[in-house]
Amino acid sequence: MAFSIPDVNLASLLPEIVLLAAAAGVLLFDGRAGRRRAAAVAAAAVASSLATIPFLFRGAGMTGFSGLIVKDDVTLVFLALMDLAALGAIVLASGGAADAEEGGELYGLTLFALIGMHLMAASRDLLVLFLGMETLALPLYILVGSRRASRDGMEAAVKYFLLGSFASALFLLGLALYYGATGTAGLGALSQTPARPSLAFAGLALVTAGVGFKIAAVPFHMWAPDAYEGAPVPVAAYISVAPKVAAFAVLLRLGLSLPGPDPGFWTQAVLAMSAASMIVGNLAALRQSGFVRMLAYSGVAQAGYMLIGLAALPARGGEALVFYLLVYLFMNLGAFAAAAALERREGGRLQIEDLSGLASRRPLFAFALAVFMVSLAGLPPTGGFFAKFTLFKAGIDAGQLPVVLVAVVMTVVSLFYYLRVVAVLYMRDGAERPEIRPAAPLLACFIGAAAVLTLLAGVLPGEFIREILAAFAPAAL
Amino acid sequence: MPPESIWILPALPALGALANGLLGAAWRDRTVAAVAVGAVGLALAAALALMAEMLTGADDRIFSVTLWRWLTDGTLRIEAGLVLDRLAMVMVMVVLFVGFLIHLYSVDYMRGDAGYRRFFVCLNLFVFFMLVLVLGDNLVVTFVGWEGVGLCSYLLIGFWYEKTPASDAGRKAFIVNRIGDFGFLLGILLAAVTFGTVHYGELARLLAAGPTVPGDVVAAVALLLFMGAMGKSAQFPLHVWLPDAMEGPMPVSALIHAATMVNAGVYLMCRMAPLLERAPAVLPVIAAVGLLTALYAALSALGQRDIKRVLAYSTVSQIGYMFVALGCGLWAAGMFHLLTHGIFKGLLFLAAGAVIHALDGEQDLSRMGGLVKDLPAVSVTFIAGLLALAGIFPLSGFVSKDAILWGGFEHYGVFFWLAAFGGALATALYSAKLLSAFLGPRRADGRPHRPGPVIVAPLTVLAVFALLAGIPGLPLFTRDTFFARFLGMPAAAPATAASHSLEVALTVLQSMAVLAVLAGAIRIFARARRPADPAVLASGFGIDRLNDWLFVRPLKAVARFFAAVVDARVIDGAVNGLGGLSMALGRLTAGLQTGQLRHYAVSLIAGAFALIALTVFFAGGL
């Protein structure tokens with residue numbers, strides 16, 4: 001019996017190890033001062049993980065654990081995106097009105113979830129992927145319920161946990177079928193036609209469903225509005241961006257592992273999810289009066305747009321998807337940061353009507369929020385416009401005209417609820433609204449930076465796209 | 001100055017707007033004004049330095065700089081680039097020179113207004129966008145500036161937004177301009193698709209290389225761009241917003257709605273001259289629209305009693321003459337009239353503003369009279385501008401308009417010339433009407449208060465230029481004027497070469513007729529203004545009624561039809577129907593979110609089954 005020592009290469013997981021150490025350490029901090037220190041340590045850990053990326057970028061990627069972990073250029077771009085999202089969430093949590101009762105565990109859990117996402121993006125094996133997904137999911141369940149005093153928060157956490165377990169079960173079943181059909185859990189197995197195609201494809205579909213739960217694609221989106229609304233706003237911000245990045249990294253990898261040039265069967269499933277997400281997300285968002293709940297449905301719709309990128313594989317869909325995620329990171333985190341800054345102290349939910357007349361009282365703040373809304377709606381001169389433009393163009397080039405048409409029509413529908421926020425900000429008199437306290441300086445800086453980046457992505461899209469193109473250039477997938 | 005530094009021209013007013021907008025809240029009015037005026041003054045100084053370099057350097061001295069690449073899509077490259085050639089230099093000079101004087105004038109004129117800082121922020125922002133429009137080296141950058149000045153115009157027309165007419169007028173200007181911009185945008189897209197570039201230099205090179213593109217496509221691009229120009233430059237029938245735009249403060253009318261922004265259409269057409277020369281069928285259209293506008297607006301000006309509205313219609317009419325020049329292929333003549341008109345019409349608006357200020361807001365011409373005695377400085381400058389507008393030899397307006405009338409005669413024959421000449425006579429008539437406010441007996445109660453030196457100084461400078469600006473248009477009776485030589489844009493050859501002596505004879509005839517009409521009209525107005533028969537004035541020579549019958553009623557009928565049937569039933573019905581449908585569907589989908597965990601779980605399972613079915617079905621496995 002041949003016995004081979006696996007090629008571990010622990011260095012390939014160095015950032016994750018740093019994150020793990022920081023996450024464990026942060027749990028020990030307690031009290032008010034501890035919270036501040038925990039935030040600093042967590043931010044430093046994420047920043048150091050982010051700092052390793054430029055060294056590995058451009059061909060100098062790493063593999064470890066006999067190929068179970070691969071950090072190539074595309075993976076690194078995704079890792080950078082989720083690190084940025086985590087950094088944003090930490091800033092939000094430290095500056096927002098999160099209840100003072102919890103200690104450092106908020107930041108520790110954020111870091112644990114980040115480790116899970118790193119694993120998801122870097123893994124080339126469904127089992128490792130599953131480990132990553134669970135490492136991500138468990139901290140998120142706790143985070144959603146972290147406002148122990150809030151009944152809604154507890155209910156949301158329980159619902160999220162039960163549905164998440166359901167999705168994990170689907171994923172595991174898919175994994176079993178996949179393994180049964182191909183004899184391996186590695187992702188490359190489908191590049192040749194497997195022995196039992198139906199079994200393998202059913203497995204693939206279930207795996208996709210499990211990952212689709214993470215991006216809140218219809219019909220796996222039901223948890224999102226309740227969880228977003230029940231969770232503290234910084235947590236909702238984190239959930240709305242970071243797991244999406246990780247799950248799209250996985251879906252992109254899945255899509256590219258299929259035999260080219262036209263892996264029609266999987267694409268059809270993606271198209272169906274995309275169209276359903278855009279339709280349901282946008283239509284349901286029309287009638288929301290709560291700001292965060294509106295953003296939750298908006299997030300469902302945005303996931304639908306992004307799925308178009310997957311339907312345009314292996315052509316330019318990947319680049320378009322990553323560019324969209326980048327812009328989405330700025331504008332969505334920005335919108336949530338604004339919500340965090342406005343969250344009222346008594347814990348009531350922020351209603352869109354509460355924003356009335358904000359433009360006359362806090363002009364810069366209102367302008368930033370308007371930028372995020374206009375960008376989410378996909379209007380120039382913001383990054384959201386170019387993000388949608390490149391994504392739709394990739395879709396058309398790949399011959400997916402019908403879904404792009406759905407996307408265009410639904411974009412028009414979405415104007416209503418995004419621009420309603422702008423209208424309320426600028427055209428409604430808000431004299432009788434409660435006074436809003438100024439945002440913490442760090443949070444204000446974050447909102448400003450997000451607004452500037454959202455605008456810059458619209459003015460200089462070439463600069464943003466260039467690095468993404470470079471990552472995809474050497475067909476090293 | 002190094003040629004790359006032309007970005008400093010738009011950057012300075014932008015900085016001024018930023019400084020005042022972000023920090024100015026804590027500043028005193030004096031500081032705010034100093035920053036705003038200083039920013040434009042510095043830009044003017046920089047422009048003069050560049051001008052000096054351009055004049056001393058080689059003939060084809062062109063400054064250009066590419067700031068960054070904006071978008072690349074296949075072969076189409078869109079860059080944020082600026083170019084300062086001789087054509088742009090003329091516009092830059094008008095914008096910054098007239099703009100600087102108007103900024104200076106506003107320092108005093110707007111004193112005490114609650115929105116003093118807001119006014120200067122918008123004004124600086126306007127100059128920034130105007131320079132972006134002028135300096136842009138491709139259609140897209142020009143379009144950015146084009147929309148920017150539209151926005152500033154909207155903000156400034158509705159500057160006194162508490163007044164309903166002001167905010168309505170702002171909205172009207174915005175909406176009418178969208179119609180033109182729609183054409184402009186389509187034109188840009190068509191140009192990008194057909195030529196694969198939107199860069200002016202590359203377009204000119206492609207068009208010069210030979211007929212690679214079918215002529216009718218070139219014509220379509222030209223027509224669409226002209227549609228944009230019609231909206232911005234208030235050409236019939238998209239002129240309706242300009243008279244209403246006079247609800248804004250006077251310096252705004254002078255700067256945006258007389259001297260600079262409304263001329264952007266003329267500038268755009270000159271920029272696209274290589275394209276228009278390849279589309280000979282479009283030139284007569286431009287000339288016809290220009291002539292129609294010139295005539296119609298001159299007649300309308302006669303019917304107005306409000307001094308600002310007379311000037312507004314006059315502006316529409318004079319821009320019509322510029323388009324007549326472009327329609328004859330006389331780029332230099334069109335740009336020259338733009339230059340002289342920018343000076344004397346800016347002057348007229350500013351002087352009228354001083355008059356209105358002095359009379360405590362009185363705008364009705366019939367209540368003005370004998371102002372020469374009370375406001376000598378303002379009156380003299382106003383009359384200088386008026387004589388230039390009427391085209392009295394040898395003022396600037398005479399030189400520039402004469403070239404246009406002759407061009408019309410040469411290219412489109414005697415009837416075209418007659419109509420254009422008729423417009424010139426109408427110009428003399430309404431000039432006389434304006435003039436009557438300054439002559440004759442006083443009609444206002446109380447003594448008007450004289451304006452301060454900060455208001456009179458810009459007027460004096462502009463008046464001197466209104467008198468002298470004809471010099472670059474010399475020598476007369478030739479296409480090879482100093483201005484044309486500076487501009488360096490060859491004019492299209494006339495269809496039939498008419499004799500030189502005929503041109504001289506026509507010019508003398510025109511001058512005589514204009515003088516006679518002006519002199520006669522002043523007498524008529526002086527008599528008609530006796531309180532005995534105010535009916536003549538009130539009816540405005542029946543022009544208002546004529547307008548009403550000819551245009552307003554049919555248009556209203558059409559409008560009513562569109563409003564009642566097309567808009568309310570078809571469009572509103574469709575839009576509201578779709579909106580209602582969306583909302584109903586929204587209620588339905590939001591209703592799916594029951595909050596019941598078991599429903600969510602069912603959705604999850606059903607989704608998983610659906611995905612399996614789809615995947616396996618499309619894989620052919622079922």
Side-chain angles (χ1 to χ4, degrees), chain A residues 155 158-159 162-163 166-167 170 173-174 197-206 208-210 212-213 217-223 225-226 263-269 271-273 276 279-288 297 364 381 386 393 412-413 416-417 459-463 465, chain B residues 21-22 25 67-74 77-80 118 140-141 143-144 147-148 151 185 575 578-622:
Chain A
E155 186 187 330
V158 170
K159 274 184 188 163
L162 287 174
L163 291 172
F166 235 90
L170 289 179
L173 180 59
S198 291
L199 204 57
F201 293 144
L204 187 65
L206 284 170
T208 307
F213 179 82
V218 174
F220 314 108
H221 70 291
M222 293 296 216
W223 58 275
D226 293 348
F265 44 91
W266 187 70
T267 307
Q268 295 302 329
L271 284 177
M273 277 205 295
I279 292 171
V280 171
N282 278 314
L283 288 179
L286 283 177
R287 301 201 60 88
Q288 303 305 323
Y297 282 109
L364 284 177
F386 276 102
K393 189 164 181 304
V412 175
V413 170
F416 176 81
Y417 62 87
V459 179
L460 301 166
E463 307 296 317
I465 295 175
Chain B
L22 294 181
L67 299 175
W68 68 78
R69 178 166 304 171
W70 204 46
L71 182 72
T72 314
D73 184 50
R77 266 205 348 250
I78 300 177
E79 287 167 334
R118 182 162 55 98
V140 174
V141 175
F143 188 70
V144 170
E147 290 301 311
L151 173 71
L185 202 57
V575 171
L578 283 180
L581 183 69
S582 301
M583 291 309 264
L585 286 174
R587 197 173 310 135
L588 201 69
T589 41
L592 287 178
Q593 197 80 21
T594 54
Q596 298 279 335
L597 193 60
R598 54 176 186 277
H599 295 163
Y600 296 0
V602 167
S603 156
L604 218 69
I605 305 277
F609 275 118
L611 279 197
I612 294 177
L614 270 172
T615 314
V616 179
F617 174 75
F618 280 101
L622 278 182

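Chain identifiers are assigned alphabetically (A, B, ...) following the order of the sequence lines, protein sequences preceding nucleic acid strands; residue numbering begins at 1 within each chain.
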*For the student: nearest non-hydrogen atoms of A/Pro219 and B/Gly607, plus distance*: CG-CA, 3.3 Å
*asked:* So which atom in A/Ala272 and which in B/Leu614 form the shortest heavy-atom distance, rounded to 0.1 Å?
replied: CB-CD1, 3.4 Å
*Please examine the side chains of B/Leu604 and A/Met222, heavy atoms only from C-beta on, and report whether any two atoms are closer than 4.5 Å.*
no
*Using non-hydrogen atoms only, which part of A/Leu163 is less than 4.5 Å away from chain B: side chain, backbone, both, or neither?*
both
*Listed by chain and number, what are the side chain to side chain contact (heavy atoms under 4.5 Å, CB included) partners of A/Val459, not counting sequence neighbours?*
B/Trp68, B/Trp70
*Applying side chain to side chain contact (heavy atoms under 4.5 Å, CB included), name anything that partners A/Leu286, two or more places apart in sequence or on another chain.*
A/Leu283, A/Val413, A/Phe416, A/Tyr417, B/Ser582, B/Met583
*Considering residues, nucleotides and ligands other than A/Phe166, do more than 12 of their heavy atoms fall under 6.0 Å from its CZ?*
no
*Enter the distance from A/Trp266:CH2 to B/Leu611:CG here, rounded to the nearest 0.5 Å.*
10.5 Å
*Looking at A/Asn282, A/Leu199, A/Leu206, A/Leu364, which has the largest count of heavy-atom pairs under 4.5 Å with chain B?*
A/Leu206
